[in-house]
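Note on naming: letters A, B, ... go to the chains in the order of the sequence lines (proteins, then strands), and numbering restarts at 1 for each one. These figures come from a predicted structure and were not determined experimentally.
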There are 2 protein chains.
Amino acid sequence: MGASKSDHFTEKQNAMALMAKALGHPARIAILEYLLKVDSCICGDIVDELPLAQPTISQHLKELKSAGIIKGSIEGNSICYCINEKALEKIQSYFGNILKTLEKKKSSCC
Amino acid sequence: MGASKSDHFTEKQNAMALMAKALGHPARIAILEYLLKVDSCICGDIVDELPLAQPTISQHLKELKSAGIIKGSIEGNSICYCINEKALEKIQSYFGNILKTLEKKKSSCC
DNA sequence: AATATTCATCGTAATATTGCAATATAGAAT
DNA sequence: ATTCTATATTGCAATATTACGATGAATATT
């Protein structure tokens with residue numbers, strides 16, 4: 001196999017999994033952090049920052065974009081990619097809710 | 001290939017990617033949510049809750065555990081898995097910091 | 001002790017991911 | 001127009017993931 005049975009889960013579950021998956025690679029985490037460091041838009045090249053070839057980075061950017069983690073596009077000769085705040089806010093609130101629920105329960109086990 | 005070049009990235013980046021990757025599948029998100037719903041420990045069977053075969057779920061649990069998202073083990077004839085609060089707190093604070101930095105910058109683009 | 005129950009592991013097939021070289025594309029600069 | 005520069009796309013090889021049937025190990029139940 002290798003294909004996940006996404007039709008059996010809820011929209012929300014699939015959406016969260018998609019974003020998590022996009023962030024499930026150190027290169028893509030590094031890209032996110034670089035986008036954060038270099039103000040919002042990268043008008044330089046990420047390629048020099050990461051130990052990966054240009055096509056590989058381009059692919060990672062594509063994945064991050066299709067997952068909604070980043071947004072933007074090329075503009076002439078320079079990219080204009082930046083972090084999609086809303087996506088991160090969704091992640092933040094998702095885990096925030098889980099943690100809130102966990103604290104309420106305070107069940108002792110494990 | 002298919003193997004990620006994790007040695008080129010920082011410990012923190014690899015750690016975050018690992019946790020994100022573990023959550024990058026709807027079944028594992030569903031397991032997390034089920035663990036939350038059923039108090040801390042599942043002493044019943046998740047298998048009946050999810051549309052997946054028992055070996056598959058066992059595998060997903062293993063992955064979640066090795067990523068540190070959940071903890072516990074079997075006890076006699078029943079499992080005792082529960083959410084590892086600390087892992088979720090790490091995720092929460094990671095994205096919290098990013099969002100905080102983003103707000104400070106408030107650069108308009110894209 | 002024999003059987004049932006519950007979860008883990010093994011083996012394996014189908015598919016996805018990762019990474020790069022080669023190539024394509026598109027705007028900028030000359 | 002041609003060349004340069006920066007990014008995307010394609011094609012491919014190596015490896016990882018997902019899923020399940022079959023089997024194994026350990027504890028309960030009878």
Side-chain angles (χ1 to χ4, degrees), chain A residues 1-9 13-14 17-31 34-35 38 41-67 70-82 110, chain B residues 1-9 13-14 17-31 34-35 38 41-67 70-82 110:
Chain A
M1 291 268 165
S4 65
K5 293 186 156 185
S6 56
D7 22 326
H8 295 310
F9 303 98
Q13 287 170 340
N14 282 317
L18 218 94
M19 288 196 288
K21 192 176 175 184
L23 293 167
H25 192 291
R28 295 196 284 267
I29 289 285
I31 288 175
Y34 183 66
L35 278 174
V38 182
C41 279
I42 37 171
C43 304
D45 26 6
I46 324 176
V47 179
D48 297 339
E49 287 287 319
L50 299 182
L52 293 169
Q54 180 266 324
T56 307
I57 290 175
S58 186
Q59 211 172 263
H60 282 310
L61 283 168
K62 194 178 169 187
E63 269 185 74
L64 282 171
K65 194 182 172 190
S66 83
I70 64 176
K71 54 183 177 173
S73 54
I74 55 163
E75 271 184 19
N77 251 23
S78 57
I79 0 171
C80 178
Y81 275 136
C82 59
C110 297
Chain B
M1 291 269 167
S4 65
K5 293 186 152 184
S6 56
D7 23 325
H8 294 311
F9 302 97
Q13 287 170 339
N14 283 318
L18 219 92
M19 288 196 287
K21 192 176 176 185
L23 293 167
H25 191 290
R28 294 195 286 267
I29 290 285
I31 288 174
Y34 183 66
L35 279 173
V38 183
C41 279
I42 35 170
C43 304
D45 27 5
I46 325 177
V47 178
D48 295 339
E49 288 287 318
L50 299 182
L52 292 170
Q54 180 266 324
T56 308
I57 290 176
S58 188
Q59 211 172 261
H60 283 310
L61 283 167
K62 193 179 168 187
E63 267 185 74
L64 282 170
K65 194 181 173 190
S66 84
I70 64 177
K71 54 184 176 172
S73 54
I74 55 161
E75 273 184 18
N77 251 23
S78 57
I79 2 170
C80 178
Y81 276 136
C82 59
C110 298

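Rounded to an integer number of Å, the gap from B:Leu50 CG to D:dA19 C1' is 14 Å. For the pair B:Asn14 CG and C:dT18 C1', the interatomic distance rounds to 15 Å; values are reported in whole Å. Summarising the geometry, the separation between CG on A:Leu61 and C1' on C:dG19 is reported as 15 Å, rounded to the nearest angstrom. In this structure, the CG atom of B:Leu18 is 16 Å from the C1' atom of C:dT17, given to the nearest Å. Rounded to an integer number of Å, the gap from CD1 of A:Ile79 to P of C:dG27 is 16 Å. Here C:dT6 presents its P atom at 22 Å from NZ of B:Lys62, a figure rounded to the nearest Å. Distance B:Leu64 CG to C:dA8 C1': 16 Å, rounded to the nearest Å.
Ring geometry, B:His60 versus B:His25: the interplanar angle falls from 30° to 60°, so the pair is classed tilted.
A sub-4.0 Å separation between OP1 or OP2 of D:dT17 and a side-chain N or O of B:His60 is absent. Residue A:Thr56 has a polar side-chain atom (N or O) positioned under 4.0 Å from OP1 or OP2 of C:dC20. Of the side-chain N and O atoms in B:Tyr81, one or more sit less than 4.0 angstrom from OP1 or OP2 of C:dA8.
Among C:dT17, C:dA22, D:dG11, the nucleotide with an atom closest to any side-chain atom of A:Lys21 is C:dT17. Comparing atom distances between the A:Leu52 side chain and each of C:dG19, D:dA19, C:dA21 picks out C:dG19 as nearest. Here the nucleotide nearest the side chain of A:Gln59, chosen from D:dT18, D:dA8, D:dG11, is D:dG11.
The shortest heavy-atom contact between B:Val47 and B:Leu52 is CG1-O, 4.1 Å. When all heavy atoms of B:Leu35 and B:Cys82 are compared, the closest pair comes out as CD2-CA, 4.2 Å.
Counting heavy atoms from C-beta outward, A:Tyr81 and A:Leu61 have side chains that approach closer than 4.5 Å.
On a pure distance criterion of 3.5 Å, a polar donor-acceptor pair joins the side chain of B:Gln54 and the base of C:dA8.
Backbone-only engagement by A:Glu63 is indicated by non-hydrogen atom pairs under 4.0 Å involving sugar-phosphate atoms exclusively.
Expressed to the nearest 0.5 Å, how far CZ of B:Arg28 lies from CD of B:Gln59 amounts to 9.0 Å.
Residue B:Ile57 is the one, among A:Ala53 and B:Ile57, whose nearest nucleotide of DNA chain C lies closer to the 5' end (criterion: closest heavy atom).
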